[in-house]
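Here's the structure we're looking at; comments come further down.
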Amino acid sequence: MEDNDLLKVRLEKIAALKAAGVDLYPNDVKPQNTTAQIMAQFGDTDSETLAQLTQKFSIAGRLMAVRSFGKAAFVKIQDRKGQMQCYIAKNILSEQDFFIFKKLDIGDIIYISGKLFRTKTNELTVEVESLRLMAKSIHPLPEKWHGLTDIETRYRQRHLDLISSPAVKEIFYRRSLIIKLMRQFMDTHDFLEVETPMMQPRAGGAVARPFKTHHNALDQELYLRIAPELYLKRLVTGGLERVYEINRNFRNEGISTFHNPEFTMMEFYWSYATYEDLMSFTEELFGFIAKNIFEGLKFTYQGTEIDMTPPWRRLTVKDALLQIAGMDPADLTDSTKAIAFARKAGCDAKETDPLGKILMAIFDEVVEKKLVQPTFVTQYPVAVSPLSRRSNTDPEFVDRFELYISGREIANAFSELNDPADQRDRFVQQLKEREAGDDEAHEMDEDYIRALEYGMPPTAGEGIGIDRLIMLFTDSASIRDVILFPLLRTKQE
RNA sequence: GGGCCGUUAGCUCAGCGGUAGAGCAGCGGACUUUUAAUCCGUUGGCCGCGGGUUCAAUCCCCGCACGGCCCA
């Protein structure tokens, strides 16, 4: 299924260019300027001053528009930072260069050089003195005005999306900036950036289904990691004390506007800190990013103003269930009552489930979407937190929080469980749930317990979903809009 | 996994039981200061795929594929 006629025309042009001795894919010219740099430097310079300039400028990029008058033309060249208008005139170019210009198509990569001037309408423009074809394009680009709107094509052929939509390009520039800012913030606070295994013999550190793979030489099953947690805490035990990792996690679960099977997470561990320290730290980190991007702590996400001014709301899971879900205090301690409430709220709950799990199912169904402004939900049931430290005030709950913004979980953090005996008990409990049919329950990890037995300092750790954070800071409705190549089903012909 | 929606020219979209339309892009022509340039002319379609209903299907029905949104 090829665009036959359009392709044929371009192939004829290629033949004509070749016959005239034109190299279609040279690599011997380097542009000395970018469109953005010229604009920044001469955007305010008047015509008279420009006319005095003897300096030549050269830019390269994709030909995006041609307005031709026969013997002259205005064209737009787009490079990584923007677009610039250029003026082509037959009496300025060499005969060969003008011949090449006439054979160009929108979408070709070209190089031009010349002097700057202002047009009648005062637009800063390069008067082209010489021109090179740098790479021939044989497929037509999306329409110039509407651009590319077909969502499937946008994700499958992201190059077309990036070429035709400056707003998309802007999102990925901002994504890079946000991650840079996070690194800067962590480095400033004396955290060490590390990399831990993506392929693990046991997929631990979170509650999720893993992807499975196989190493041939070792003849061993391996899992793509669902979290780096257990490795990062080994490093804390090893004395690194403050570590962070920004990298991909893989979870073999459904795809939605908030879930991609591979997603980016920043996880960090901070010795001698508690989950309460992490709340303040998170407020500072998010504030640091927001101030750099928005020059303030308030911004709009999908039509709703989000205010990141600290301190953020803090409430316990229990209080959230009482105040927001409208549960009765008796429902929180009685499994039968909790199950009845859960069923009424429309979530499944099995009689065999521990109470804590049932409560969290109600939380996810009823409370989550109502937490629009930044909110730390604290004190999770121990049953759903196999790696968190028990609370000193109530051992059935743990010193943990999840951060919700715009009704979505953005971060998960807790004071780490560093008592190896308790950790073993938790793993044993998880094994029981696995045997009861919960294939997401955590596996036993003897190596990890052994590491804890050497003594891990009291530590707090946090994971922040980078893609979701970037959605928030780019006002994106879908996680696919902040991931360059989101997973799609392979198309079969 | 379920529900709803979409798939028509390279792109953006109309059409809707009687055999395919527009704009942009392309091609030919005019034009040396345009800004989605303009003006004249013009090429281009397995109407996602497979069945069915019908004298006749892009249109109605069923299935499939891919995508979107919502739900689990």
Side-chain angles (χ1 to χ4, degrees), chain A residues 1-14 16 47 50-51 62-78 82-93 98 101-108 114 116-128 137-161 163-166 209 252-260 302 342-343 345-350 361 364-366 368-369 407 440 476-481 486-493:
Chain A
M1 214 79 69
E2 192 45 86
D3 27 309
N4 288 316
D5 292 332
L6 296 166
L7 185 64
K8 207 174 121 199
V9 169
R10 297 220 177 178
L11 293 178
E12 283 165 5
K13 287 180 183 172
I14 285 172
S47 302
L50 287 178
R62 197 173 293 277
L63 184 62
M64 294 301 287
V66 176
R67 295 185 282 275
S68 172
F69 306 90
K71 294 193 184 69
F74 287 96
V75 305
K76 285 264 184 189
I77 292 178
Q78 173 172 295
Q83 293 194 343
M84 177 112 211
Q85 177 168 271
C86 304
Y87 178 66
I88 307 260
K90 194 176 183 192
N91 62 351
I92 301 173
L93 285 183
F98 194 72
F101 168 69
K102 283 296 187 185
K103 296 290 176 203
L104 291 181
D105 288 295
I106 288 171
D108 288 348
L116 291 176
F117 76 107
R118 282 191 184 277
T119 63
K120 275 184 192 169
T121 54
N122 209 37
E123 180 163 346
L124 188 63
T125 302
V126 181
E127 186 180 75
V128 178
S137 169
I138 62 172
H139 297 295
L141 289 182
E143 200 226 352
K144 63 184 171 188
W145 189 241
H146 299 91
L148 183 63
T149 66
D150 182 86
I151 290 175
E152 189 176 351
T153 310
R154 285 186 46 220
Y155 298 148
R156 286 192 196 277
Q157 298 195 62
R158 187 65 98 175
H159 52 285
L160 291 180
D161 196 25
I163 289 166
S164 49
S165 173
R209 280 188 202 90
N252 203 341
E253 293 169 353
I255 296 177
S256 80
T257 48
F258 278 83
H259 300 85
N260 194 60
Q302 302 292 296
R343 299 226 164 115
C347 36
D348 358 301
K350 291 192 292 262
D364 290 347
E365 178 69 28
V366 183
E368 204 176 286
K369 54 181 172 248
E440 291 188 342
S476 300
S478 170
I479 200 168
R480 287 173 219 122
D481 292 327
L487 186 66
L488 298 183
R489 199 183 291 269
T490 306
K491 262 201 163 162
Q492 344 177 300
E493 282 306 321

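Below, all heavy atoms of this structure are taken into account, side chains as well, without hydrogens, waters or symmetry copies. Residue numbers start from 1 in every chain, and the chains themselves are labelled A, B, ... in the order their sequence lines are given, proteins ahead of strands. It should be emphasised that the depicted structure is a prediction, and the values quoted were computed from it without experimental measurement.
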Between A/Arg67 and B/rU34, does any side-chain N or O lie under 4.0 Å from OP1 or OP2? no
The Watson-Crick or G-U wobble partner of B/rU34, with both key distances under 3.5 Å, is none
When you compare B/rG10 with B/rC5, how far apart are their P atoms, in angstrom units rounded to a whole number? 27 Å
Strictly by Watson-Crick or wobble contacts shorter than 3.5 Å, is anything paired with B/rC27, and which nucleotide is it? B/rG41
Nearest-0.5 Å distance, NE2 of residue A/His146 to OG of residue A/Ser164: 13.0 Å
Within less than 4.0 Å of OP1 or OP2 of B/rA30, is there a side-chain N or O belonging to A/Lys71? no
Does the plane of the ring in A/Phe74 sit parallel, tilted or perpendicular to the ring in A/Tyr87? Use 30° and 60° as the thresholds. tilted
In whole Å, I'd like the distance from the CZ atom of A/Phe117 to the P atom of B/rU34. 11 Å
Polar side-chain atom of A/Asn260 near backbone of A/Leu487 as donor-acceptor pair, under 3.5 Å: yes
Between A/Asn122 and A/Leu487, which has a closest nucleotide on RNA chain B that is more 5'? A/Asn122
Is A/Arg480 touching bases, backbone alone, or none of the nucleic acid, heavy atoms closer than 4.0 Å? sugar-phosphate
Can you tell which of B/rA25, B/rU34, B/rG23 lies closest to the side chain of A/Lys144? B/rA25
For B/rU32, is there a stacking contact with A/Phe69, counting only centres under 5.5 Å and planes under 30°? no
Figure out the OH/P separation between A/Tyr155 and B/rC69, and round it to whole Å. 7 Å
Pairing partner of B/rG1 (Watson-Crick or G-U wobble, both distances under 3.5 Å): B/rC71
Interatomic distance at C1', B/rC70 relative to B/rA14, whole Å: 28 Å
Yes or no on salt bridge (Lys or Arg N to Asp or Glu O under 4.0 Å) for A/Lys8 and A/Asp5, after CA distance, side-chain angles and deciding distance? CA-CA 5 Å; A/Lys8 207 174 121 199; A/Asp5 292 332; 5.3 Å; no
Mind checking A/Glu365 for me? I need base, sugar-phosphate or nothing, with any heavy atom below 4.0 Å counting as a touch. sugar-phosphate
Once you apply a heavy-atom cut-off of 4.0 Å, does A/Arg156 come out as touching a base, just sugar-phosphate, or nothing? sugar-phosphate
Nearest to the side chain of A/Thr149, heavy atoms from C-beta on, is which of B/rG68, B/rG44, B/rU12? B/rU12
Donor-acceptor pair, side chain of A/Thr125 and main chain of A/Glu123, under 3.5 angstrom: yes
Can you say whether a donor on the side chain of A/Tyr87 sits under 3.5 Å from an acceptor on the base of B/rU32, or the other way round? yes
Mind checking if A/Leu488 touches a base, just sugar-phosphate, or nothing, with heavy atoms under 4.0 Å? sugar-phosphate
Between B/rC27 atom C1' and A/Lys8 atom NZ, what is the distance in whole Å? 11 Å
Please answer whether the main-chain N or O of A/Leu148 pairs with a side-chain N or O of A/Arg154 as donor and acceptor at a distance below 3.5 Å. no
Across every strand shown, the nucleotide meeting Watson-Crick or G-U wobble geometry with B/rA65 (both distances under 3.5 Å) is B/rU7
A/Leu148 has its side chain closest, among B/rU12, B/rU32, B/rC27, to B/rU12
I need the CG-P distance between A/Leu6 and B/rU43, as an integer number of Å. 14 Å
Rounded to whole angstrom, note down the P distance from B/rA22 over to B/rA36. 24 Å
Taking B/rG28 as the reference, what is the distance to B/rG44 when you measure between their C1' atoms (whole Å, please)? 15 Å
Indicate, with a heavy-atom threshold strictly under 4.0 Å, whether A/Thr119 touches base, sugar-phosphate, or nothing. base
Between A/Arg489 and B/rG67, does any side-chain N or O lie under 4.0 Å from OP1 or OP2? yes
Counting side-chain heavy atoms from CB outward, which of B/rU12, B/rU34, B/rG10 is closest to A/Gln85? B/rU34
Side chain of A/Thr257 - closest among B/rC11, B/rC69, B/rG10: B/rC69
Which listed nucleotide (B/rU32, B/rG26, B/rC66) is nearest to the side chain of A/Ala89? B/rU32
Taking the minimum atom-to-atom distance to the side chain of A/Ala72, which one of B/rG67, B/rC27, B/rU32 wins? B/rU32
Using both distances under 3.5 Å as the test, list the Watson-Crick or G-U wobble partner of B/rC60, or none. B/rG52
Expected output: side-chain A/Ser68 to main-chain A/Gly70 donor-acceptor under 3.5 Å: yes
Under a 3.5 Å distance rule, please check whether A/Asp364 uses its side chain to pair with a backbone N or O of A/Ala361 as donor and acceptor. no
By nearest atom, which of the nucleotides B/rC27, B/rC11, B/rU34 is closest to the A/Val9 side chain? B/rC27
Could you tell me the separation between the CG atom of A/Leu7 and the P atom of B/rG45, rounded to a whole number of Å? 14 Å
Look at all strands and tell whether A/Asn91 reaches a base, only sugar-phosphate, or nothing, counting heavy atoms closer than 4.0 Å. base
Rounded interatomic separation in angstrom, taking CD1 from A/Ile138 and P from B/rA25: 21 Å
Contact class for A/Gly147 (heavy atom, under 4.0 Å): base, sugar-phosphate, or nothing? sugar-phosphate
So if I take every side-chain heavy atom of A/Pro140 and compare against B/rA37, B/rU33, B/rG10, which nucleotide ends up nearest? B/rG10
Given atom CZ of A/Phe74 and atom P of B/rU32, what is their separation to the nearest angstrom? 12 Å
Hunt down the Watson-Crick or G-U wobble partner of B/rG21, both distances under 3.5 Å, from any strand shown, or write none. B/rC13
